[in-house]
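Scroll down for the structure; my scribbles are underneath it.
Atoms considered below: every heavy atom in the structure, side chains included; atoms not considered: hydrogens, waters and symmetry mates.
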Amino acid sequence: MASTSLIDTLFQRTLDDIIKGLRHQQTGESAFISKIVEEIRREIKSTDLHTKSVALQKLTYLNSLHFIDMSWAAFHAVECISSPNFSHKKLGYLAISQSFHESTPVMLLITNQLRKDLKSSNEFEVSLALECLSTIGTVDLCRDLTNEVFILMSSSKLFVRKKAIGVVLRVFDKYPDAVRVCFKRLVECLDGTDPQIMSAVIGVFCELALKDPKSYLPLAPEFYKILIDSRNNWVLIKVLKIFAKLAPLEPRLAKRVVEPICDHMRRTEAKSLIFESIRTVVTSFTGYESAVKLAVSRIREFLVDDDQNLKYLGLHALAIIAPKHLWAVLENKEVVIESLSDADPNVKGESLRLVMAMVSESNVVEICRVLINYALKSDPEFCNEILASILSKCSQNVYEVIVDFDWYASLLGEMSRIPHCQKSEEIENQLIDIGMRVRDVRLELVRIGRDLLIDPALLGNSFLHRILSAAAWVCGEYVEFSRNPIELMEALLQPRTSLLPPSIRTVYMQSAFKILVFCLHSYFLYKENNTADMISEVRDFTSHRESPGSSDLAANKPPAYYEQDEGFNPRDSNKSYEDLSIMDTGDDRTSNLLEKGFTHESIIKLLNLIELAFGPLSGSCDVEVQELARNVLGFLELIKQEICDCFSSKDIGFKGDMKASKVVDLVHDAFSEDLGPVSVNAQERVPIPDGLVLKENLADLEEICGNVQLPLSNSFSLGSPYGESIGASESIPPSKEELEPSSESSSLLAEHRKRHGLYYLPSEKNEITTNDYPPANDPKSGISTNDDAQDLVKLADQSLISKRKPNYAKPRPVVVKLDEGDVAPINAKKPEIKDDLLSDAVREVLLGNTTIPALSQGNSSDKLSSKRKGKEKQNVDLPESRENLGGEKPDLGNSSSRKSKHRSQGKERSKKSTEKNNTDEREDHEEKGKQKSKHRHGRHKTRQRAETRLNLVAQTPVIPDFLL
């Protein structure tokens with residue numbers, strides 16, 4: 001090491017100097033720290049321990065507050081703990097506790113120093129070593145120092161004894177075989193009278209029981225005695241935690257313990273003990289009605305207290321008891337509702353969870369109305385917490401609490417417009433999910449999607465982009481429910497859609513394409529089925545009656561349908577869905593009337609609109625947007641050319657054979673197949689056919705599908721995607737089969753379903769050809785925005801009264817559910833293989849089948865573990881332990897007889913072992929034999945005494961009859 005001059009030592013910076021220097025640094029703090037670290041690197045190499053310890057102290061400070069690496073100073077910390085000076089030793093132990101870990105290279109160098117300090121007569125040095133061991137104790141350290149900790153557990157110095165008991169927890173965790181040495185003495189400490197020792201040992205048992213409570217059932221008598229006799233609130237709290245784990249394992253024990261717990265709940269004035277008693281009752285003693293009622297009455301005292309902490313504890317206790325005793329929450333619903341407007345965010349969070357616990361089919365509408373009002377006047381964080389709770393509860397178990405899905409779809413639309421809403425992803429998923437699961441809600445979903453799409457102001461809010469994506473998808477997928485598809489098309493193609501990200505814009509483009517295909521299909525279908533009487537009907541209808549509505553974005557748009565009822569007005573908000581005669585899906589006349597809404601002029605105008613909007617997008621930088629735009633433009637070119645060539649604006653009749661109609665039918669049939677929910681595990685359940693190698697090419701596809709007639713590939717051409725002209729292909733005379741109503745896509749799909757029916761989910765095809773528009777902005781279903789908290793409480797009070805399930809006017813719609821895999825599995829960590837070495841060791845000690853492991857310095861954990869693996873595991877249930885002990889109840893009061901018995905047995909074993917050793921050694925060397933005999937004799941006596949102590953614990957009963 002480098003020597004240090006006296007000048008360097010005298011002018012060494014102290015820790016106070018560094019702190020003052022850091023505080024005076026306005027800028028360049030990192031430069032100052034770097035300079036200090038360089039000084040420390042130089043000073044810590046000094047041979048003077050004082051200089052070294054001061055440098056280590058400064059480095060420890062910088063590591064704790066500024067995260068400066070100090071692993072390079074590990075050896076210097078070991079040097080400091082070997083100093084006879086207590087101040088140097090203290091700084092060294094502090095540095096070791098803060099920076100050492102299991103992979104520290106010099107960890108093995110501190111074993112002997114720790115052993116030396118644990119045996120020191122200075123209790124403060126012993127305390128430093130124990131604290132260090134409790135922080136950095138590894139398997140090797142805990143194994144090598146178990147004897148020293150065992151001795152200190154019976155130290156005459158209370159300060160040392162208390163800390164040694166605390167260190168046992170770390171020793172047991174790292175080295176389970178230490179249980180065979182220390183556990184008996186730990187149990188003996190339960191009979192102590194000193195409150196500090198009692199607190200320490202109960203704390204250790206509380207932590208042990210939390211990991212494996214079953215192993216500590218035999219100690220229930222000792223814990224019960226402490227519960228009855230102790231007056232230390234801290235000790236009682238720990239004992240209550242232990243009984244909360246033990247009571248569910250033994251019902252007879254719960255019956256005995258519940259009354260003392262209630263006595264503590266009645267008599268004590270300590271809020272901490274009251275709350276722990278409440279929590280113990282509501283978690284583990286819910287079957288005892290009197291105890292639960294007492295706990296609820298004490299919870300009420302917490303709820304009305306002015307202290308925010310106590311109010312939070314009361315709400316938390318209600319949250320624990322709510323799953324089994326919801327009546328306790330309903331009794332305190334006024335306080336719970338009022339807490340939603342509390343200033344403390346923790347109180348608001350607990351009250352929100354309690355409100356959601358009260359939700360049922362009968363009150364979900366009223367509770368959601370109350371919560372939406374609170375969300376409107378809350379801060380952004382709590383507002384989104386409310387919205388998340390509503391979305392989670394309503395979608396739980398595939399919307400089991402939702403009866404009116406039209407209301408829920410409207411609620412999703414309302415939530416989308418809340419100013420602070422940031423739950424766009426959840427709302428998007430649910431809008432799409434209920435559309436696929438519930439057929440009856442699709443009409444309302446299209447209405448909500450239309451309202452969102454036609455508002456240009458929403459496009460600038462980045463939090464709504466995902467919701468707008470869902471609205472666009474819904475309107476495109478279920479366009480047949482729209483009152484004006486052209487209006488939807490204009491909303492999807494409005495100029496402000498350029499504000500959307502490419503991923504959302506592609507959804508808009510795809511939905512616009514679906515709407516175009518629907519309009520063209522309806523137009524061609526009407527032309528093909530045109531009759532004279534229907535022509536006169538249309539002309540008579542249009543001449544005597546005004547169009548039912550016009551587009552909000554462009555005036556004078558043709559209607560999407562004509563109503564059957566002369567007095568029906570689609571904008572009449574007082575009409576209910578049941579009054580719409582167009583909902584009759586079996587009426588062909590309704591379908592035909594629907595197709596009459598598209599004229600030749602409107603179709604041409606629609607094609608021009610799409611061409612104008614998609615043209616610039618064909619040169620987009622985003623590949624997906626560019627590809628979709630070019631595909632749609634190619635499709636448009638074909639359709640527009642044939643419409644212009646084959647139709648006259650004055651004649652609505654059909655001219656010639658049209659390829660465009662055939663293409664539209666194919667695409668429409670592909671889009672008309674209903675999309676349903678798919679299990680998240682569906683792909684995993686598909687068996688791979690024998691001999692199929694997925695990574696190889698699909699050259700044998702033609703052989704598999706050889707008898708399936710594919711559509712003609714040269715029916716039309718889309719041209720080059722890189723700016724070349726896109727035109728229609730040469731006309732090919734259609735075959736007789738092509739003119740038949742059935743399309744190739746349907747036949748392909750049917751053939752594929754026939755061949756691979758295993759991969760399809762069962763579904764019922766129930767086509768709905770309604771295009772009516774639901775009543776909008778019904779004042780009866782509006783959500784109130786009253787800001788008065790008292791009115792909200794009254795509203796909640798009326799809605800939360802338990803009552804019979806209301807008789808709804810219409811039955812709950814069918815919700816498509818899958819047998820399994822409806823919800824994506826949570827990415828939870830796989831449960832680790834439980835290390836039950838500690839539990840096995842505790843059971844062996846308590847049941848009397850134990851052997852003291854050799855604890856010499858040369859032993860390794862590998863040898864001990866291999867020995868234990870060779871033994872047969874004893875999975876003995878606790879009630880059977882009495883049979884193992886001879887079937888007799890042991891005497892807890894008289895232990896002297898048991899001690900003398902075990903000592904006599906130990907003496908006999910010791911005598912036999914000594915004689916055998918002496919005989920073996922005489923054959924070799926007499927003098928060496930005598931020395932080895934004495935040495936082994938002494939070691940055997942030590943082991944004999946340890947075995948004697950441990951056999952005492954073997955007589956601990958499972959649970960005595962008087963306690964049960």
Side-chain angles (χ1 to χ4, degrees), residues 1-25 27-120 122 124-138 140-141 144-145 857:
M1 293 183 181
S3 61
T4 306
S5 65
L6 180 61
I7 299 297
D8 293 339
T9 304
L10 291 176
F11 290 95
Q12 183 185 19
R13 293 180 195 251
T14 63
L15 180 60
D16 293 339
D17 297 333
I18 293 180
I19 295 174
K20 292 177 182 178
L22 287 171
R23 289 178 178 176
H24 289 304
Q25 293 295 323
T27 57
E29 183 178 288
S30 59
F32 179 75
I33 293 176
S34 300
K35 181 180 178 182
I36 296 299
V37 172
E38 290 300 323
E39 292 180 1
I40 292 173
R41 286 182 178 273
R42 184 177 65 254
E43 294 167 357
I44 207 169
K45 297 178 182 179
S46 172
T47 55
D48 180 39
L49 283 177
H50 177 74
T51 304
K52 186 187 294 291
S53 63
V54 172
L56 189 63
Q57 181 186 27
K58 294 186 292 184
L59 185 59
T60 305
Y61 171 80
L62 293 176
N63 173 261
S64 60
L65 293 184
H66 299 278
F67 310 104
I68 302 299
D69 179 45
M70 61 177 298
S71 58
W72 53 270
F75 183 76
H76 302 291
V78 176
E79 289 181 305
C80 287
I81 66 172
S82 62
S83 172
N85 190 313
F86 180 76
S87 61
H88 301 162
K89 189 183 293 291
K90 180 174 67 175
L91 292 175
Y93 273 121
L94 175 62
I96 289 175
S97 300
Q98 186 169 305
S99 63
F100 275 34
H101 48 83
E102 292 188 359
S103 59
T104 301
V106 298
M107 179 69 76
L108 295 177
L109 299 180
I110 67 173
T111 304
N112 289 330
Q113 186 60 45
L114 281 173
R115 181 181 286 109
K116 179 180 177 181
D117 290 337
L118 288 175
K119 294 179 179 180
S120 174
N122 187 342
F124 298 106
E125 291 183 355
V126 177
S127 175
L128 288 176
L130 287 173
E131 290 177 358
C132 181
L133 180 62
S134 66
T135 305
I136 67 165
T138 62
D140 294 331
L141 283 176
D144 296 335
L145 299 176
Q857 197 169 353

Determine the interplanar angle of the His66 and Tyr61 rings, folded into 0 to 90°, and report it as parallel if under 30°, tilted if 30 to 60°, perpendicular if over 60°. perpendicular

Any heavy-atom pair between the side chains of Lys90 and Phe124 that's under 4.5 Å? no

Test item: Phe67 and Asn63 side chains (from C-beta on) under 4.5 Å apart, heavy atoms: no

Taking only residues two or more places apart in sequence, or in another chain, which ones meet Glu29 in a salt bridge (charged side-chain N to carboxylate O under 4.0 Å, His left out)? none

Minimal heavy-atom distance between Glu125 and Ser120, with the atoms involved, is OE1-OG, 2.8 Å

List the atom of Ser99, the atom of Thr104, and the distance in Å for their closest heavy-atom pair. O-OG1, 4.3 Å

Those residues at least two apart in sequence (or on a different chain) that pass side chain to side chain contact (heavy atoms under 4.5 Å, CB included) with Glu102 are Thr138, Lys174

Find out whether Gln98 and Met70 are in side-chain contact, i.e. whether some heavy atom of one side chain is under 4.5 Å from a heavy atom of the other. yes

Output all residues satisfying side chain to side chain contact (heavy atoms under 4.5 Å, CB included) with Leu109, sequence neighbours left out; order by chain, then residue number. Phe75, Val78, Val106

Measure the OG1-CD distance between Thr47 and Glu79 for me, rounded to the nearest 0.5 Å. 10.0 Å

Taking the side chain as every heavy atom from C-beta outward, state whether Asp117 and Lys89 have any atom pair closer than 4.5 Å. yes

Mind listing the closest non-hydrogen atom pair of Arg41 and Lys45 along with its distance? O-CG, 3.5 Å

Quick one: list whatever passes side-chain hydrogen bond (donor to acceptor under 3.5 Å, both in side chains) with Asp17, sequence neighbours left out. Thr14

Side chains of Leu141 and Thr111: closer than 4.5 Å at any heavy-atom pair? yes

Less than 4.5 Å apart, any side-chain heavy atom of Lys116 and any of Gln113? yes

List the residues meeting side-chain hydrogen bond (donor to acceptor under 3.5 Å, both in side chains) with Ser82, not counting sequence neighbours, and say none if there are none. none

Approximate separation, where rounding is to 0.5 Å, of Cys80 SG and His50 NE2: 11.0 Å

In terms of side-chain geometry, is the basic nitrogen of Glu43 or Lys58 positioned less than 4.0 Å from the acidic oxygen of its partner? yes

To the nearest 0.5 Å, atom CD of Glu39 lies from atom CZ of Arg13 at 4.5 Å

Check side-chain hydrogen bond (donor to acceptor under 3.5 Å, both in side chains) between Ser87 and all other residues, then give those that pass, not counting sequence neighbours. Asn85

Listed partners of Leu91 passing side chain to side chain contact (heavy atoms under 4.5 Å, CB included), at least two apart: Ser53, Gln57

Point-to-point distance, once rounded to the nearest 0.5 Å, from CD1 of Ile81 to CG of Leu114: 6.0 Å

With sequence neighbours left out, what residues match Lys119 under side chain to side chain contact (heavy atoms under 4.5 Å, CB included)? Arg115, Glu148

Close side-chain approach of Leu22 and Ile33, heavy atoms under 4.5 Å: yes

Per-pair distances, 0.1 Å, donor-acceptor, side chain in residues 127-136, under 3.5 Å, sequence neighbours excluded:
residue : atom : partner : partner atom : Å
Ser127  : OG   : Lys163  : NZ           : 2.6
Glu131  : OE2  : Lys163  : NZ           : 2.1
Ser134  : OG   : Leu130  : O            : 3.4
Ser134  : OG   : Glu131  : O            : 2.7
Thr135  : OG1  : Glu131  : O            : 3.0

Can you tell me which residue pairs pass the salt bridge (charged side-chain N to carboxylate O under 4.0 Å, His left out) test with a partner in residues 60-76, sequence neighbours excluded? none

Once you round to the nearest 0.5 Å, how far does CD1 of Ile19 lie from CG of Leu62? 9.5 Å

Tell me every residue that passes side-chain hydrogen bond (donor to acceptor under 3.5 Å, both in side chains) with His101, counting only those two or more places apart in sequence or in another chain. Ser103

Do Tyr93 and Ile110 have side-chain heavy atoms sitting under 4.5 Å apart? no

Run Ile40 and Leu56 through side chain to side chain contact (heavy atoms under 4.5 Å, CB included) and show every step you take. CA-CA 8 Å; Ile40 292 173; Leu56 189 63; over 6 Å; no

